[in-house]
Student: 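The structure that follows is given in the form of structure tokens.
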Amino acid sequence: MIDPRIILAAFVLIFFSIGDMFAKKVLAKFNYATAAAAVSIVSAIPAIVAFVISPSFSTTPYSLELSIIAGFFYGVGFMLLYKALTTEQTTNTMALSEFFKAILVLFAVFVVGETLANIQSIGIVAIFIGSLLVITTKDLGINKKMGYALAGFISWAVFWIILEYAIFNSHGYIVEEGVASLASFVIAVIYILARKDLNQFGQIKKLLIVKDGNSRFHIGHYTLLVGLGVGLASFIFAYLILAHSLALGSAIIAMTPIVVAVASKKLYLDKLTPYQLAGLIIMVVGALALALG
């Protein structure tokens with residue numbers, strides 16, 4: 001019989017892949033900050049629905065404070081990642097998602113005091129080497145725009161670290177995940193207001209009701225698809241953290257960049273240089289080594 005935790009990890013893989021694959025569709029009409037705000041608010045829906053269905057929950061004031069702080073890094077991560085994705089390919093941008101997994105492991109080693117197996121140490125080195133190759137240009141220079149993606153995933157690593165403390169403090173995850181998503185939305189809105197980019201709010205209503213050319217999907221559909229994909233994946237991810245069961249299925253989750261790369265080749269005709277492709281493969285192998293170690 002298949003372990004239920006493996007099944008849950010497989011759903012995380014599916015939902016995160018959906019969120020990654022179609023994010024560029026949202027960015028075709030929204031700027032990166034507005035896309036972050038729209039996706040964040042939609043991503044809160046799974047937690048809100050779960051709370052309505054089962055209003056009995058466990059939380060604490062301290063846990064809520066941590067969730068709000070975590071939401072700040074969640075929102076900043078969205079904006080940085082989407083800023084990079086505005087100009088860069090989906091394949092190599094999302095490949096850097098393995099980077100934040102290495103950051104989480106390093107945090108566990110240097111702050112929590114956990115130890116690494118030799119294969120895990122090799123895996124971390126492989127991820128950093130692979131990420132360096134992924135952000136190269138055709139002439140082996142460094143693509144500075146990909147720095148936004150790296151910074152975004154580092155911000156998400158901080159988000160998950162803080163949210164993990166919130167979850168373990170309250171022994172719950174529904175409210176924590178929902179509050180973090182809503183805080184992410186607020187941060188994006190504050191950023192938009194600070195830039196006085198108010199026309200973006202007017203575009204949201206218009207784009208949600210007007211079909212995008214002859215396409216079967218318009219921007220509202222893609223926003224819902226990406227937001228629900230990210231929200232459901234994060235919701236299950238938070239549960240696995242609470243259940244101390246993430247490690248068992250993390251090898252499955254590590255395959256997300258491969259799924260996204262295959263889909264993006266068809267959706268966006270993404271092309272990688274040999275060095276970028278090698279970097280992608282090295283990062284995935286490194287992530288697998290982390291999980292299996």
Side-chain angles (χ1 to χ4, degrees), residues 11-50 52 71-91 93-94 97 148-149 152-153 155-156 159 177-193 195 197-237 256 259-260 263-264 266-268 270:
F11 276 114
V12 174
L13 166 65
I14 293 170
F15 292 135
F16 267 144
S17 296
I18 290 173
D20 290 352
M21 283 188 291
F22 296 106
K24 203 169 183 68
K25 296 287 188 180
V26 180
L27 289 164
K29 293 293 183 181
F30 289 157
N31 71 13
Y32 64 91
T34 307
V39 170
S40 292
I41 193 65
V42 175
S43 71
I45 291 176
I48 293 172
V49 171
V52 171
F72 168 82
F73 289 98
Y74 197 26
V76 170
F78 267 124
M79 286 189 285
L80 288 170
L81 176 60
Y82 285 174
K83 185 175 179 63
L85 195 57
T86 299
T87 57
E88 305 308 308
Q89 294 185 130
T90 296
T91 301
T93 301
M94 294 305 182
S97 64
Y148 290 115
F153 284 120
S155 186
W156 274 0
F159 157 66
E177 170 61 25
V179 168
S181 295
L182 292 174
S184 173
F185 167 73
V186 171
I187 290 301
V189 170
I190 290 174
Y191 178 80
I192 293 170
L193 292 174
R195 287 171 55 92
D197 202 4
L198 302 181
N199 64 311
Q200 286 296 313
F201 293 112
Q203 287 184 19
I204 292 178
K205 181 177 179 181
K206 180 181 177 181
L207 291 173
L208 288 178
I209 61 177
V210 178
K211 288 192 175 182
D212 190 13
N214 296 321
S215 171
R216 290 171 52 196
F217 274 60
H218 59 71
I219 194 66
H221 293 142
Y222 284 119
T223 303
L224 286 172
L225 193 62
V226 173
L228 288 176
V230 172
L232 287 167
S234 298
F235 186 75
I236 299 172
F237 201 90
T256 303
V259 176
V260 173
S264 296
K266 182 175 181 180
L267 284 171
Y268 309 112
D270 281 4

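Hydrogens, waters and symmetry mates are skipped; everything else that's a heavy atom, side chains included, is used. Because the structure is a prediction, the values reported are computed rather than measured.
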Student: Taking the side chain as everything from C-beta on, heavy atoms only, tell me whether Y82 gets closer than 4.5 Å to L27.
Tutor: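 Contact flag for Y82/L27 side chains = yes.
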Student: What's the shortest heavy-atom distance between A35 and F30, and which atoms?
Tutor: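 Smallest interatomic distance, heavy atoms only, reads N-CB, 3.9 Å.
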Student: Do S234 and Y74 have side-chain heavy atoms sitting under 4.5 Å apart?
Tutor: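 Touching, per the 4.5 Å side-chain cut-off.
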Student: When rounded to the nearest 0.5 angstrom, what distance separates CE in M79 from OG1 in T34?
Tutor: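 Reported value, rounded in 0.5 Å steps: 10.5 Å.
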Student: Hey, could you give me the OG/CZ distance between S184 and F73, rounded to the nearest 0.5 Å?
Tutor: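 Spacing of OG (S184) from CZ (F73) equals 12.5 Å.
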Student: Looking at I192 and A37, what are the two nearest heavy atoms and their distance?
Tutor: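 Heavy atoms of I192 and A37 come nearest at CD1-CB, 4.4 Å.
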Student: With a 4.5 Å cut-off on side-chain heavy atoms, are Y191 and Y32 touching?
Tutor: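 Counting from C-beta outward, Y32 and Y191 do come under 4.5 Å.
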Student: Do the non-hydrogen side-chain atoms of Y268 and T91 ever get within less than 4.5 Å of each other?
Tutor: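 Sidechains of T91 and Y268: no contact.
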Student: Please identify each residue that fulfils side-chain contact (heavy atoms from CB on, under 4.5 Å) with L81, with sequence neighbours left out.
Tutor: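 Once residues adjacent in sequence are excluded, the partners of L81 under the side-chain contact (heavy atoms from CB on, under 4.5 Å) criterion are T93, M94, A149, F153, W156.
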Student: State, to 0.1 Å, how close Q89 and D270 come at their nearest heavy-atom pair, and which atoms those are.
Tutor: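 Taking Q89 first and D270 second, the nearest heavy atoms are OE1-CA, 3.3 Å.
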Student: If you take all heavy atoms of T86 and K24, which pair is closest and at what distance?
Tutor: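 Heavy atoms of T86 and K24 come nearest at O-NZ, 3.8 Å.
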Student: So, taking the atom named CG in L228 and the one named CD1 in I45, what distance separates them when rounded to the nearest 0.5 Å?
Tutor: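 It is 5.0 Å, given to the nearest 0.5 Å.
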Student: Pick from V42, V39, I18: which one makes a side-chain contact (heavy atoms from CB on, under 4.5 Å) with V226?
Tutor: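 One option only clears the test, and that one is V39.
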Student: Heavy-atom distance under 4.5 Å between the side chains of L182 and V186, does that happen here?
Tutor: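 Of all side-chain heavy-atom pairs linking V186 with L182, none is under 4.5 Å.
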Student: Let me confirm one number: the CD-NZ distance from E88 to K83, rounded to the nearest 0.5 Å.
Tutor: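 Separation between the atoms: 11.0 Å.
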Student: Working to the nearest 0.5 Å, report the span between OG of S43 and CZ of F235.
Tutor: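 Interatomic distance, S43 OG to F235 CZ, rounded to 0.5 Å: 12.0 Å.
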Student: Which heavy atom of F78 sits nearest a heavy atom of A36, and at what distance?
Tutor: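 So the two residues come closest at CB-CB, 3.7 Å.
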Student: Identify the heavy atoms of A44 and G178 that sit nearest to each other, and give their distance.
Tutor: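 Scanning both residues, the minimum pair turns out to be CB-O, 4.3 Å.
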Student: Within this structure, what is the CG-CZ distance for the pair D20 and F15, rounded to the nearest 0.5 Å?
Tutor: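 Taking CG in D20 and CZ in F15, the distance rounds to 13.5 Å.
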Student: Is the number of heavy atoms from other residues, nucleotides or ligands under 6.0 Å of Y148 OH greater than 12?
Tutor: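 Count not over threshold, so no.
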